[in-house]
Amino acid sequence: MLHLHTNRLSFPAQQSRRLLALSLLFVSLIAGSGLAAPATALASTLDSDIVCGSTVKDRDLSSNDAPDIEARHAIVMDANGTIYFERDADTQTKIASITKVMTAIVALENADLSDTITVDHAAATVGESTAHLEEGDTMTLETALKALLIPSGNDAAMAIASSVGALIDPKSDSPYDSFVAAMNQEAQKLGMDATFTNPHGLDFGKWKDDMHASAHDVATMFSYAMKNDDFRRLDGSGDNVITVTSANGSKRSIKLEIINTILGKDGNVGGKTGNTSEAGTCFAGVFERNDRTLYVVVLGCDTKQQRFTDSIALADWYFDHLVSAPIVNSPKTTAEGDVLVARATDTDWADKTVDLMAEDPDATVEYFDLAGKVSVEAHPAELSGNIKRGDAAGTLICYQDDEALGAVNLVAAEDVAEPNPFEWLLVQFDRLVRLITGQPRTAEAEVYATAPEA
């Protein structure tokens, strides 16, 4: 009986062991088939993301109003330096080959496009992303910059650094080090907190060092570079064939791989990629749509495609929230059917005003609808004498918070004659009465303009 009792008690334990074994087998089969659960990705929208200066959480933004991206660091900035979106944008991190933007800036500011760039042994053997340059090759700086920016050539970066470094400091024993020092001096001049230790952005092996920048730094650097017409032209060039002179004097053509695969798509007119294990995949890009220029930086993406997906998503988010609306809005109209913006004081009369309309009633203003409250201020002029329809009569200004977005001139919407001598006497008598009774001596201006609505 004791033996039977023991077996009955152990039966559930045997079941548990079988279930555990089956579970372990199931997990191993999934892992072996490549169906294992993926690593946890960064949330697409974070409460800590900043939109126009305030966090998503503080603003209680809906999912439609907050960007949906996976980058660990990001920033969206327009050509005026106004920042619309930030995700951990001031944290210093690795930026990989986006470093080459600073390399191009220093080269363009210290050498001519026709200057000769020579590929030495260090440049030819640096490895990783390459423009397929060989030791002893020579080319113009213009050609070298294409080899630097289009395929993200580390060999071109090294060759530029050594060749231009010799121009920066002809007495230097290490032109390469002189060039890197110039990169950091330029970063300080631009107000960046970045540190550069090489001209290409490699951050592992022999190149592992304290090199870093933030998304904000990158936006500052890239937007500055794009102000240079030569950089803008070369970075956005679709011409990816260069000619170099080999060590034996013969000419050799090289077809460069275009790394920025969204160039010319979705309004992208330029950009620089980056990719190392520590930095993740990165992109700094510029988008132009509807005469607006936008800079987008994403750092620390998981895949090469994700950096482009995130960049386009941020550009779409900005342009989707960019709205156009009429400046001139009012619930009232004049007798002639014009939009009545305001009524101006006529100082010749005690009780008359002058109807005002916009000189350009169809004027519009464009604004980012998440950036702040939009309002208008009408500033009617005081008028006198014989007033004719169309006479200048003030301004109507549209604001977003404290920033002026646009303005239209106001003009008289009617003819108003000045008083004749008899009327003038009546006006003076009227004003005397008003003075005694404490009433205004002239009719006060009135404003009917309302804020634009998208």
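Taking a cutoff of 4.0 Å between a charged side-chain nitrogen and a carboxylate oxygen, Asp355 and Arg343 qualify as a salt bridge. A salt bridge is absent between Asp65 and Arg59: the closest approach of a Lys/Arg side-chain nitrogen to an acidic carboxylate oxygen does not fall below 4.0 angstrom. Salt-bridge annotation for Arg232 and Glu288: present, with a side-chain N of the basic residue lying under 4.0 Å from a carboxylate O of the acidic one. Note on Asp49 versus Lys57: no salt bridge recorded, every NZ/NE/NH1/NH2 to OD/OE distance being 4.0 Å or above. Asp338 has a carboxylate O that lies under 4.0 Å from a charged side-chain N of Arg389, or vice versa, which qualifies the two as a salt bridge.
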task: Apply side chain to side chain contact (heavy atoms under 4.5 Å, CB included) to Met211 and Thr195, showing your working.
output: CA-CA 5 Å; Met211 183 165 65; Thr195 295; 5.7 Å; no
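Remark: of the listed residues Asp230, Asp229, Asp235, Asp230 is the sole one forming a salt bridge (charged side-chain N to carboxylate O under 4.0 Å, His left out) with Arg233.
Counted by atom type alone, Asp68 and Thr45 present zero donor-acceptor pairs between their side chains at under 3.5 Å.
Residue-environment remark: CD (Glu366) exceeds the threshold of 12 foreign heavy atoms within 6.0 Å.
A side-chain donor-acceptor contact under 3.5 Å links Asp310 to the backbone of Glu70.
Ring geometry for Trp207 against Tyr176 counts as tilted: the plane angle lies between 30° and 60°, on a 0 to 90° scale.
With a 4.5 Å cut-off on side-chain heavy atoms, Val296 and Trp317 do not count as touching.
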